[in-house]
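I have placed the structure first, in the form of structure tokens, so that the comments after it can refer back to it.
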Amino acid sequence: MPAASSTFDYEAALAACAGGDRAALHRIYQHESRRLLGVALRIVRDRARAEDVLHDAFMNIWTKAASFDATRGEGRGWIHSIVRNQALSAVRSSGREVSADEDAIEAIEAEAVANAAPMAEAFEINADLGRLDECLERLDTPKRNSILLAYVDGCSHGEIAQRLNAPLGSVKAWVRRGLLSLRECMA
Amino acid sequence: MNADDLHVLAGEYVLGTLPAARRAEVEARMSNDAALRTAVEQWQQKLLPLNEVAAPVEPSAALWSRIETSVAAKVAADRGTRPAAARPAVAASGWWNSLRLWRGLAATGFAAAAFMGIVVVGKLAQPPGPGYMVVLVGPQDKSPGWVVQAGTNSQQARLIPLGKVDVPADKSLQFWTKGNDWKGPVSLGLVRPGESKEVPLDKLPPLEPNQLFEITLEPYNGSPLDRPTGPILFIGRAVKII
């Protein structure tokens, strides 16, 4: 699959979609649906919902293909962003973050203060992420965990606080500083 | 907003940590805030490699046909706004409102109905008697493909094929009707090519003159929606016979 993905011309397929070529949408699906479903499933955590997300995302790809601008970025990235957006909208609008209620957060914060052991890595990454990999390496563990939990698992601040057993305020600060460090490192 | 705040906002939007209201706000702002839009696009590109972390998952076989059906319905709906002459087939959504189609059928379809009435009566086991008859014709060539007959107060109608239709293995034929004042068409179930079918009408209002009937090509086992999604293969209106 990676070989096929790297040679597939996403920009040409999107241009064909914009011209009304339904076979081009099918080609995108054939090349990318397994990865896209994997990405959506990590975020929405339910197989049927993930397929709903992919259905809606492909409808978006079809209707928005004409607005894709190859001078502003790559076709594959554009497609992935549509799927992630759809998945994030699905979990944020369903109010999944409500699960981290104020009491729970306070309890976690109290516990976190008492339990100041060094944080373990939340992720073991086997994929080759290039420059991003190096820049993530430079972050300290809490910032790296926060960024990865947010991006890969679609966690809200509250969910990250629960997963890392850390105060909500700390998580917000880690995300902010993590983003600024990444930006500086990747500039 | 300083530069750091802008990049953090864009970054949190891409990460997905913003609550729903803030997400919507960023999306609304992006259309007229070029700096924010660029910042978001930069984060999308920078973080894209992280999509490799999720293990690929094989979609179910039904997912692509669902997408295909929705795209076909969208295409048909979009075509519905263009002149009928430009369409390869009558748009599936809104056919019941297509004046043009019905003007065309009024000229040729009803003539066919009168003609077919004579031909078909000879083929039927029982003379239709007083009641309704519909000849379903191709929307393009107006060639008759099916006949529907029902008694005046009959609780069922009979759908009779006049020939064989080729249907791809992954598709089904679906039969629909719509009265003049109904909001949309109602499914009368799936139809097998070349086979007669008794169709119960007891759940529907009594048959009325000019009631529409049609057969559409749908995904296997029928439209996933409460209305047709595929192209119309045959269409006709009920005429009263004495």
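Keep in mind it's a predicted model, so treat the numbers as computed, not measured. Chain naming here is simple, since letters A, B, ... match the order of the sequence lines and numbering starts at 1 in each.
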- request: Using a cut-off of under 4.5 Å on heavy-atom pairs, state which of B:A72, B:A21, B:S70, B:A55 scores highest against chain A.
  value: B:S70

- line: Residue from A:L149, A:I147, A:L25, A:L54 scoring the most non-hydrogen pairs under 4.5 Å with chain B is A:L25

query: A:L132 versus chain B, heavy atoms under 4.5 Å apart: side chain, backbone, both or neither?
result: side chain

- prompt: Do any N or O atoms from the side chain of A:E11 and from the backbone of A:G75 form a donor-acceptor pair under 3.5 angstrom?
  reply: yes

query: In terms of heavy-atom proximity below 4.5 Å to chain A, should B:E41 be classed as side chain, backbone, both, or neither?
result: side chain

- prompt: Between A:N85 and chain B, which part of the residue has a heavy atom less than 4.5 Å away: side chain, backbone, both or neither?
  reply: both

field: Side chain, backbone, both or neither of B:Q45 within contact of chain A (heavy atoms, under 4.5 Å)
entry: side chain

message: Please rank B:D4, B:I67, B:N51 by heavy-atom pairs under 4.5 Å with chain A and give me the top one.
response: B:N51

Proximal component of A:V175, with respect to chain B [non-hydrogen, under 4.5 Å]: side chain

statement: Nearest heavy-atom contact between B:L36 and B:A10 is CD1-CB, 4.2 Å

task: Return each pair, listed once, that meets side-chain hydrogen bond (donor to acceptor under 3.5 Å, both in side chains) where at least one residue sits in residues 178-187 of chain A; pairs must be two or more places apart or across chains.
output: A:R183-B:H7

message: Please rank B:T38, B:L48, B:L63, B:V8 by heavy-atom pairs under 4.5 Å with chain A and give me the top one.
response: B:L63

- line: Cut-off 4.5 Å, heavy atoms of chain A, and the answer for B:A62 is neither

task: Going by the side-chain contact (heavy atoms from CB on, under 4.5 Å) test, name the single residue among A:V91, A:V44, A:I43 that passes it with A:V53.
output: A:V44

message: With chain A as the partner, which of B:Q44, B:E58, B:E27 has the greatest number of non-hydrogen pairs under 4.5 Å?
response: B:E58

Which pairs of donor and acceptor atoms, one on a side chain in residues 58-67 of chain A, lie under 3.5 Å apart (sequence neighbours left out)?
from	atom 1	to	atom 2	distance (Å)
A:N60	ND2	A:Q86	OE1	2.6
A:T63	OG1	A:M59	O	3.0
A:T63	OG1	A:N60	O	3.3
A:S67	OG	A:K64	O	2.7

- request: Mind ranking A:R47, A:E74, A:R72 by heavy-atom pairs under 4.5 Å with chain B and telling me who comes out on top?
  value: A:R72

- request: Heavy-atom pairs under 4.5 Å with chain B are the metric here; pick the option from A:S146, A:G77, A:S81, A:G130 that has the most.
  value: A:S81

- prompt: Less than 4.5 Å apart, any side-chain heavy atom of B:I232 and any of B:I215?
  reply: no

- prompt: What part of B:K74 is in contact with chain A, defined as an atom under 4.5 angstrom from a non-hydrogen atom: side chain, backbone, both or neither?
  reply: side chain

message: Please evaluate residues A:W174 and A:L139 with respect to the criterion side-chain contact (heavy atoms from CB on, under 4.5 Å), reporting the C-alpha separation (whole Å), side-chain torsions for both, the decisive distance (0.1 Å), and the verdict.
response: CA-CA 10 Å; A:W174 290 334; A:L139 299 180; over 6 Å; no

Ring-face cation of A:R27 near A:Y10 (centre distance under 6.0 Å, axis angle within 45°): no

- prompt: Do other residues, nucleotides or ligands put more than 12 heavy atoms under 6.0 Å from A:R131 CZ?
  reply: yes

query: Out of A:L88, A:D56, A:L36, which one racks up the most heavy-atom pairs below 4.5 Å with chain B?
result: A:L88

- prompt: At a heavy-atom separation under 4.5 Å, does B:R66 approach chain A through its side chain, its backbone, both, or neither?
  reply: both

query: Is a side-chain N or O of A:R84 found less than 3.5 angstrom from the main chain of B:L15, in a donor-acceptor match?
result: yes

